[in-house]
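Heads up, the thing below is written out as C-alpha cells.
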Amino acid sequence: MGAAALFSHAAEIERRLLVEYPDAHCELDFATPLQLLEATILSAQCTDKRVNMVTPELFKRYPSAAALADANMDELETVIRSTGFYRNKAKSLVGMAQALVDDHGGEVPRTMAELIKLPGVGRKTANVILGNAFGLNEGIVVDTHVARLATRFGFTDETDPVKVEKALLPLFPKDSWTKFSHLLIWHGRRTCDARKPRCEGCSLRDICPSADV
DNA sequence: ATCCCGAGGG
DNA sequence: CCCTCTGGAT
C-alpha cells in the first residue's frame, strides 16, 4: 500500500474505533500522577485488572514518594507480588521514588526526557504518564496491544516498540495520539486479542489486511 | 502452552 | 540483537 492509501486507511480505522469506543480511556485506577506512575510500572506483563487489585493497598501504605523511597523491600514485594516480576518492580518503584525525592522535589516530572531517566520507566510508561496524568500528546503508547494491532492493520512490520511508535506517529493527528492509543488497546482487549481474534464481530473486518487469517 | 498497557542488561 | 524477570488467567 502506498503512503496516501495508508494514510486514509489509518484515518478510517481511527474514525470507526472512535464511534465504537467513544469513552476509551486509561483503565488503570489512579488519583495522582505518582499513583499512575506506580500503577504503570506494575502493568508490565500483567493485566490492568490485576494491577488495580494491588494498588489500593500500595497507595495506602506508601502515600508519598518519600514513603515509597523508604519502603521495606520484603513488605513492598509482598504487596505487589501477584502482578509478577515483583522483585524487579519493587526495585523500580523504590528507585523511581528515590529519584523523584532527589531530583524533582518528590513530584513527577512532565517531560519525556526526565521521565525516561527514572529507574523502571521506559518510553511506553512515560507516554502513559504524559498522556493520562498531564493531558499531553507527546507520543503513542506502544504496549503489547498497540504493537499487535499496528502489525495486523499493516501499519508496520517492525516489532521493536520504539520503531512501531515512529511508524504510527505520522499516520495520526498529534492531538489524538493519547486517545488513539486507548482505542487500539480497547479494541485489542475486546475484539482483536492475541490468541483468537474475533474477526466475525469486528467493525474493521472489511478493511483489515489480517481479517480471518 | 500462551499471553498480559515492559524495562534493563549483556 | 538477545535474554531475564514472575504470577495469574485462559
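Quick note on labels: first sequence line is chain A, next is B, and so on, each numbered from 1.
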Nearest-nucleotide comparison on DNA chain C, the residue closer to the 5′ end among T159(A) and F85(A): T159(A)
Range on DNA chain C touched by chain A, heavy atoms, distance below 4.0 Å: dC5(C) to dT10(C)
Sugar-phosphate only, base, or nothing, as touched by R195(A) at under 4.0 Å among non-hydrogen atoms: base
Interatomic distance where CG belongs to N88(A) and C1' belongs to dA7(B) [whole Å]: 8 Å
Carboxylate-amine/guanidinium contact E114(A) K117(A), below 4.0 Å: no
Salt bridge present between E57(A) and R61(A) (N-O < 4.0 angstrom): yes
Donor-acceptor under 3.5 Å (N52(A) side chain, D29(A) main chain): yes
K117(A) NZ - dA7(B) P separation (whole Å): 17 Å
Touch class at under 4.0 angstrom, heavy-atom based, for S92(A) against every strand present: nothing
Distance-only polar pair, side chains of H182(A) and Y21(A), donor-acceptor under 3.5 Å: no
T125(A) vs dG6(B): side-chain N/O to OP1/OP2 distance below 4.0 Å: no
C1' gap between dT2(B) and dT6(C), integer Å: 15 Å
Rounded interatomic separation in angstrom, taking CG from L37(A) and C1' from dA7(B): 13 Å
Value in whole Å for how far the C1' atom of dC5(B) lies from CH2 of W177(A): 19 Å
dC3(C) versus dC5(B) - spacing of their C1' atoms, nearest Å: 22 Å
Nearest-Å distance for atom pair CD/P, residues E165(A) and dA7(B): 11 Å
Toward the 5' end of DNA chain B, by each residue's nearest nucleotide, P119(A) or H25(A): H25(A)
Sugar-phosphate only, base, or nothing, as touched by P161(A) at under 4.0 Å among non-hydrogen atoms: nothing
Sugar-phosphate, base or nothing in reach of Y86(A), heavy atoms under 4.0 Å: sugar-phosphate
Whole-Å gap separating C1' (dC4(B)) and NZ (K49(A)): 12 Å
Ionic contact status for D193(A) with R148(A), cut-off 4.0 Å: no
Pairing of R189(A) and E27(A) as salt bridge, 4.0 angstrom limit: yes
Sugar-phosphate, base or nothing in reach of V142(A), heavy atoms under 4.0 Å: nothing
Sub-4.5 Å side-chain heavy-atom contact between C202(A) and H187(A): yes
Contact under 4.0 Å: R148(A) side-chain N or O vs dC3(B) OP1/OP2: no
K89(A) NZ - dG6(B) P separation (whole Å): 8 Å
Closest approach of W177(A) to F172(A) (non-hydrogen atoms, all atoms of both residues): NE1-O, 3.0 Å
Between C1' of dG8(B) and NZ of K124(A), the distance in whole Å: 16 Å
5' priority, DNA chain B, between T47(A) and V121(A) [closest heavy atom]: T47(A)
